[in-house]
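What follows is a set of notes on a single structure, which appears directly below.
Position 1 is the first residue of the sequence; numbering continues from there.
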Amino acid sequence: NTPVYYKEDGSRFAESQTIKLTVDTKYCIRLTCKEELKSPDMLLNGQAIYMELKSPAPDSDPSLKVYEGRFDTDKLPKTKKDERDVVALQIPLQHSLLVALQCKYYTAKKKKSASWGEALKNVVVNHKVEDGVEGVRAVVTSIKCRRVM
């Protein structure tokens, strides 16, 4: 298991930080939230990723739900120079949550560039649904991603 990295981009792009991914690579994504998923499939750019319910760490909050799934970047094109891609995660909570992450895809030849920056420990997403929508009690506490060798 190898970490995924991110870098600070400042104000050059829509978001100030970019997650670095490598094409033709397998990844593991871990989702920790306070609510059970309505469906075991999370969508990543429209591709279904089966999210398996895991046991939380012994020292963690027992009310948290931990899910883990795998995805790969087979046949995805590398990101063009001075551009960024948006990766859309659709998380099937009580009310479907859409999270857009700014990413850059590197080729295997540029693995050194993909491994430069800060190790991505997690992405924290807090969300609030508009007033008048009932039954919302979900907060995604973290999304973690790592390379699977």
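Scanning for side chain to side chain donor-acceptor pair (under 3.5 Å) contacts around Glu118 gives an empty result, with sequence neighbours left out. Applying the side chain to side chain contact (heavy atoms under 4.5 Å, CB included) criterion to Ala14, with sequence neighbours excluded, gives Gln102. Under the salt bridge (charged side-chain N to carboxylate O under 4.0 Å, His left out) criterion, Lys38 pairs with no residue at all, not counting sequence neighbours. With sequence neighbours left out, Ala108 forms a side chain to side chain contact (heavy atoms under 4.5 Å, CB included) with no residue at all. For Glu15, there are no side chain to side chain donor-acceptor pair (under 3.5 Å) partners two or more places apart in sequence or in a different chain. Partners of Asp61 according to the side chain to side chain donor-acceptor pair (under 3.5 Å) rule, which considers only residues two or more places apart in sequence or in another chain, are Ser63.
If you chain together hydrophobic residues whose side chains sit under 4.5 Å apart, Leu101 and Val4 fall into the same group. Residues Val86 and Met42 are members of separate hydrophobic clusters, defined by side-chain heavy-atom contacts under 4.5 angstrom among Ile, Leu, Val, Met, Phe, Trp and Tyr. Follow the hydrophobic side-chain contacts under 4.5 Å out from Phe13 and you never reach Trp116; the two are in separate clusters.
Residue Lys110 places its NZ atom among 12 or fewer non-hydrogen atoms of other residues, nucleotides or ligands, all under 6.0 Å distant.
For residues 43-55, every residue pair satisfying the salt bridge (Lys or Arg N to Asp or Glu O under 4.0 Å) rule, not counting sequence neighbours, is listed here: Glu52-Lys54. Residue pairs meeting the side chain to side chain donor-acceptor pair (under 3.5 Å) criterion with at least one member in residues 77-89, sequence neighbours excluded: Asp9-Arg84, Thr18-Arg84, Thr79-Asp85.
In plain terms, the two heavy atoms of Asn122 and Val124 that are nearest each other are OD1-CG2, 3.7 Å. Here the shortest heavy-atom pairing between Val87 and Cys103 reads CG2-SG, 3.5 Å. Closest non-hydrogen pair, Pro92 versus Ser39, comes out as CG-O, 3.4 Å.
At least one side-chain heavy atom of Leu64 sits under 4.5 Å from a side-chain heavy atom of Lys34. When side chains are defined from C-beta on, Ile91 counts as touching Leu37, because their heavy atoms get closer than 4.5 Å. Side-chain atoms of Leu89 and Val125, non-hydrogen and from C-beta on, never get closer than 4.5 Å to each other. Residues Lys7 and Lys20 form a side-chain contact, since some pair of their non-hydrogen atoms from C-beta on lies under 4.5 Å apart.
Using a distance-only test at 3.5 Å, with no hydrogens or angles considered, no donor-acceptor pair links the side chain of Ser60 to the main chain of Pro58. In this structure a side-chain-to-backbone donor-acceptor pair under 3.5 Å is present from Thr73 to Asp24. No donor-acceptor pair closer than 3.5 Å links the side chain of Tyr105 to the backbone N or O of Leu76.
Each of Tyr27, Tyr5, Tyr6, Tyr106 was evaluated against Leu21; a single residue qualifies, Tyr27, per the side chain to side chain contact (heavy atoms under 4.5 Å, CB included) test.
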Please list every donor-acceptor pair under 3.5 Å in which a side-chain atom of residues 43-50 meets a protein atom from a residue at least two apart or in another chain.
residue, atom, partner, partner atom, Å
Asn45, OD1, Ala88, N, 2.7

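Annotation: the span from Cys28 atom SG to Asp72 atom CG amounts to 12.5 Å, rounded to 0.5 Å. Interatomic distance, Thr32 OG1 to Lys65 NZ, rounded to the nearest 0.5 Å: 11.5 Å. If you take CG on Leu53 and CG on Leu31, they are separated by 10.5 Å, rounding to the nearest 0.5 Å.
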